[in-house]
K.L.:
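The structure is given below, and queries will be raised subsequently.
Labels below follow one simple rule: chain letters A, B, ... track the order of the sequence lines, proteins then strands, and each chain is numbered from 1. Worth saying up front: this structure is predicted, and the values here are computed from it rather than measured.
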2 protein chains.
Amino acid sequence: MHPPMAKDPIAEVQKNWQRHGWVSAAAPAATVTAIMRTQQILLGRAQEILKPFDLTFARYEVISLLSFSREKRMPMNKASQLLQVHPTSITNAVDRLEAAGLVERQPHDSDRRAILLVLTQEGKRIAEQATEVLNTELFEQTGFTTEEIEDLNRILANFRERAGDFTR
Amino acid sequence: MHPPMAKDPIAEVQKNWQRHGWVSAAAPAATVTAIMRTQQILLGRAQEILKPFDLTFARYEVISLLSFSREKRMPMNKASQLLQVHPTSITNAVDRLEAAGLVERQPHDSDRRAILLVLTQEGKRIAEQATEVLNTELFEQTGFTTEEIEDLNRILANFRERAGDFTR
DNA sequence: TACCAACTATAGGACTTCCAAGTATATTCG
DNA sequence: CGAATATACTTGGAAGTCCTATAGTTGGTA
């Protein structure tokens, strides 16, 4: 979108913060900005890779989740919890996945409020293919070293736990 | 949005990946997911804090950038580059900031294609207040340790450099 | 048993992001 | 100099996120 800049803009922001005397906030402010930017870059790469499958990352996450589940099916509220997004985001994604024939909505046996998401054959195929390509073109080439990945996974898991994502 | 879960859902995904034999992709896949989730949590906190100012984080970034600039003004394309977002995102944010009276569009002296963003007095006040609150309520309480912040800043700066954000 | 609180999914709305296309202005170069 | 190319911004559209409110179900309890 933009060519590389001469200086790291986030480092510049950190200097600004320090120059204004907000010493203790400067470094974490840079961290927050860097996390947001990193997410943007990774998401962009994923979307690019998924484009040939007519998938977005949000929709990929849904069919990937289903394809990993034992029964290839799952209630919507469980998908919402596992993917940690708002229930309406699942509704939105499923509307499109259903239109594309990758997923079906089926009634739940015992709870008439709930809806079961079921992966179609086509959905299973696409999920497996997309996972394959994401593995080789994104996850195996993130640009992080093995050590960095370990550090990130440890640090971010602690953060998410403290933020109330899960208990241990 | 959701109560804490019994297990870390991202760690579960990592196990799934390994169970399917994608050993080398498992850990980085967890990293990517963790970064996205962390961004979501931090963004949510920021939006919550900014709500009383009638600001979103995207709009805060624009007025914060202006308020740190020497002249309290800047061409739109420069703001787009520094914030590393698509030009249309700046247009969108500025439309709303202008409607709220925090920013004005002014013609550029020498380039009639360009538009100067100028912070109003009110915009300057709001930017300073919002920064103050974000500092105390978000950046000084991220939940990261000092060491984790150093690690993250180093690791993510390397990543962003390799991704072409800037050169050194 | 009858009621009420909690839960499941959806509709509608606000906001953000990106992309593609279009307009106007600058710049470069034959 | 004038044509071609590049740059700056806007418009319209697709998609995602979250929120609030609502309809239907469920399940505990008075």
K.L.:
Measure CD/A/Glu61 against C1'/D/dG16 and give the value in whole Å, please.
P.N.:
12 Å
K.L.:
Check whether any side-chain nitrogen or oxygen of A/Thr91 sits under 4.0 Å from OP1 or OP2 of C/dT10, and answer yes or no.
P.N.:
yes
K.L.:
Surrounding CD of B/Glu132 (heavy atoms of other residues, nucleotides or ligands, distance under 6.0 Å), is the total greater than 12?
P.N.:
no
K.L.:
With side chains defined as the heavy atoms from C-beta onward, is the minimum distance between B/Trp17 and A/Thr131 less than 4.5 Å?
P.N.:
yes
K.L.:
Taking A/Arg154 first and then A/Glu150, would you say they form a salt bridge - that is, a charged N and a carboxylate O separated by under 4.0 Å?
P.N.:
no
K.L.:
Is there a donor and acceptor pair, one atom on the side chain of B/Thr88 and one on the base of D/dC9, closer than 3.5 Å?
P.N.:
no
K.L.:
Under the side chain to side chain contact (heavy atoms under 4.5 Å, CB included) rule, what do A/Thr142 and A/Glu148 come out as? Steps first, then yes or no, please.
P.N.:
CA-CA 11 Å; A/Thr142 52; A/Glu148 287 172 342; over 6 Å; no
K.L.:
Could you state the atom-to-atom distance from CG of A/Asn92 to C1' of D/dC19 in whole Å?
P.N.:
14 Å
K.L.:
Can you list, in residue-number order, the parts of residues 33-57 of chain B that come under 4.0 Å of DNA chain C, counting heavy atoms only?
P.N.:
B/Thr56
K.L.:
Whole-Å distance between C/dT16 C1' and B/Leu83 CG?
P.N.:
14 Å
K.L.:
A/Trp22 vs B/Phe68 aromatic rings, parallel, tilted or perpendicular, using cut-offs 30° and 60°?
P.N.:
perpendicular
K.L.:
Tell me which residues in residues 107-120 of chain A put a heavy atom below 4.0 Å from DNA chain C, sorted by number, or none.
P.N.:
A/Arg113, A/Ala114, A/Ile115
K.L.:
Strictly below 4.0 Å, heavy-atom distances to any atom of DNA chain C: list the hits from residues 70-82 of chain B, or just say none.
P.N.:
none
K.L.:
May I ask you to decide whether A/Glu48 forms a salt bridge with A/Arg45, counting only side-chain N to carboxylate O separations under 4.0 Å?
P.N.:
no
K.L.:
Assess whether a salt bridge exists between A/Glu71 and A/Lys78, defined as any Lys/Arg side-chain N lying under 4.0 Å from an Asp/Glu carboxylate O.
P.N.:
no
K.L.:
Between B/Asp95 and A/Ser89, who's closer to the 5' end of DNA chain D by nearest nucleotide?
P.N.:
B/Asp95
K.L.:
Starting at atom CD of A/Gln106, determine the distance to atom P of C/dA9, rounded to an integer number of angstrom.
P.N.:
14 Å
K.L.:
Please determine if a side-chain N or O atom of A/Arg105 lies less than 4.0 Å away from the OP1 or OP2 oxygen of C/dT10.
P.N.:
yes
K.L.:
Determine, for A/Asp8 against A/Lys15, whether the closest basic-nitrogen to carboxylate-oxygen distance falls under 4.0 angstrom.
P.N.:
no
K.L.:
Under 4.0 Å: is that the gap between some side-chain N or O of B/Arg96 and OP1 or OP2 of C/dA14?
P.N.:
no
K.L.:
Does one side chain, of B/Arg96 or B/Asn92, offer a donor that lies under 3.5 Å from an acceptor on the other?
P.N.:
yes
K.L.:
For B/Ile90 and C/dC15, what is the distance between atoms CD1 and C1' respectively, to the nearest whole Å?
P.N.:
15 Å
K.L.:
Are B/Gln39 and B/Met36 close enough, and set up right, to give a side chain to side chain contact (heavy atoms under 4.5 Å, CB included), and what steps lead you there?
P.N.:
CA-CA 5 Å; B/Gln39 186 266 354; B/Met36 295 195 175; 5.7 Å; no
K.L.:
Could you tell me whether the side chain of A/Lys72 and the main chain of A/Leu66 form a donor-acceptor pair under 3.5 Å?
P.N.:
no
